[in-house]
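Counting convention: from 1, in listed order, for ligands and their atoms alike. Side chains are part of it too, since the values below use all heavy atoms of this structure and drop only hydrogens, waters and symmetry mates.
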Amino acid sequence: MDRKIIVAIDGHASCGKSTLARQLANKLGYIYVDSGAMYRAVTLYFMENGIDYRNKGQMVSALKNISISFQYNNKTDMPETLLNGKVVEKEIRSMKISQEVSPVSAIKEVREFLVEQQQAMGRNKGLTMDGRDIGTVVFPEAELKIFLTSNEKIRAERRYVELQEKGIEVTMEDVILNLESRDYEDSHRVMSPLYKAGDAIELDNTYLSEEQQLEFALNLVREKISELHKSEFKEAELNKAGL
Ligand code: DC
């Protein structure tokens with residue numbers, strides 16, 4: 001599979017987008033970007049530095065001091081997010097950030113700031129990115145778009161276990177309330193609301209194991225790449241024939 005593509009994965013909170021995007025990138029040797037981590041890192045910066053994000057001037061000048069990057073942690077075998085050079089993977093997953101991130105991600109200037117960086121990451125293709133607007137706004141021309149869905153109860157249980165594993169204390173009730181409010185806000189905001197792109201393939205993973213969902217997505221990538229090879233071959237033949 002020498003031809004590299006962009007795989008855009010969108011969906012509601014905690015439906016397994018990051019897991020799928022990360023595992024897919026591992027298998028394909030692609031770069032993986034968790035765009036939600038970028039919105040979380042901006043939110044953390046605002047909170048740590050007492051930035052009133054409702055004050056446009058203050059918020060816009062704060063954005064100039066934010067640098068977000070990713071690195072691979074060989075010990076945990078997982079990517080981690082850096083905010084101004086400091087690893088903030090645990091901090092950005094806290095409940096405090098989860099409660100504040102939706103209003104921050106609804107701000108036009110924040111989205112423009114991050115979308116530009118996300119698009120630059122995809123310039124050379126060979127990338128999987130997950131989020132809410134990846135197939136609609138960030139990469140509307142992505143070769144493959146997956147819209148992931150999952151039963152609400154299962155999503156809450158998964159997020160609860162994930163937070164427990166990270167040593168973050170929460171109640172199941174808090175997790176459910178947070179997922180419900182973020183899903184509502186993320187789907188109803190004016191700027192880049194979450195919705196399924198017309199050309200996205202919907203994948204409900206409620207009854208699928210991680211391995212099964214990965215295999216399904218890998219097959220979609222294989223089909224897409226072979227389709228692209230075929231159409232390029234056809235075009236080259238037509239050119240050769242001077243048609
Ligand atoms: O993927 P996540 O749940 O970690 O994302 C956190 C929040 O960031 C989510 O509630 C909405 C916002 N977000 C967004 O607006 N656009 C994206 N592409 C990714 C995340």
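Proximity of R132 to ligand 1, defined as any heavy-atom pair under 4.0 Å, is shared by backbone and side chain alike. In R111, the part holding a heavy atom less than 4.0 Å from any atom of ligand 1 is the side chain. Contacts of R40 with ligand 1, taken as heavy-atom pairs under 4.0 Å, involve the side chain alone. Of the heavy atoms in M191, none comes closer than 4.0 Å to ligand 1. Under 4.0 angstrom from ligand 1, there are no non-hydrogen atoms of D130.
By the 3.5 Å distance cut-off applied to N or O atoms, K17 is not counted among the residues near ligand 1. Every N/O-N/O distance between R159 and ligand 1 stays at or above 3.5 Å.
Listed by number with element, the atoms of ligand 1 under 4.0 Å from a non-hydrogen atom of R189 are 14 (C), 15 (O), 16 (N). The atoms of ligand 1 that sit less than 4.0 Å from any heavy atom of I134 are 18 (N). The atoms of ligand 1 that sit less than 4.0 Å from any heavy atom of S102 are 10 (O).
If you check which protein heavy atom lies closest to atom 20 (C) of ligand 1, you get G36 CA, 3.5 Å. Protein heavy atom in closest approach to atom 11 (C) of ligand 1: D186 OD2, 3.3 Å. Among protein heavy atoms, the minimum distance from atom 19 (C) of ligand 1 is reached at S35 OG, 3.3 Å. In this structure, the protein non-hydrogen atom closest to atom 6 (C) of ligand 1 is R182 NH1, 3.5 Å. Looking only at heavy atoms of the protein, atom 18 (N) of ligand 1 is closest to D133 OD1, 2.8 Å. Looking at atom 12 (C) of ligand 1, its nearest protein heavy atom turns out to be S105 OG, 3.5 Å.
Every salt bridge (charged side-chain N to carboxylate O under 4.0 Å, His left out) that E237 has, sequence neighbours left out, goes to K240.
For the residue pair T81 / E89, a side-chain donor-acceptor distance below 3.5 Å is found, with atom types taken as modelled. There is a side-chain donor-acceptor pair under 3.5 Å between N73 and E80. Side-chain contact, Y32 with D130: a donor N or O sits under 3.5 Å from an acceptor N or O.
By the rule that hydrophobic residues join a cluster once side-chain heavy atoms approach within less than 4.5 Å of another member, F139 and Y39 end up as members of one cluster.
Closest approach of L20 and A217 over heavy atoms only: CD1-CB, 3.8 Å.
Ligand 1 does not have Q118 within reach: every non-hydrogen atom of the residue lies 4.0 Å or more from it.
In terms of modelled atom types and a separation under 3.5 Å, the side chain of N205 and the main chain of E210 share no donor-acceptor contact.
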Next on the checklist: Please evaluate residues E185 and R189 with respect to the criterion salt bridge (Lys or Arg N to Asp or Glu O under 4.0 Å), reporting the C-alpha separation (whole Å), side-chain torsions for both, the decisive distance (0.1 Å), and the verdict.
Outcome noted: CA-CA 6 Å; E185 286 186 48; R189 63 185 178 216; over 6 Å; no
Checklist entry - Checking salt bridge (Lys or Arg N to Asp or Glu O under 4.0 Å) for the pair D133/K145: CA distance, chi angles, key distance, verdict? => result CA-CA 11 Å; D133 62 338; K145 300 177 186 177; over 6 Å; no
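Salt bridge E162/R158: absent, no basic N to carboxylate O contact under 4.0 Å. A salt bridge links D183 with R155: the closest approach of a Lys/Arg side-chain nitrogen to an acidic carboxylate oxygen falls below 4.0 angstrom.
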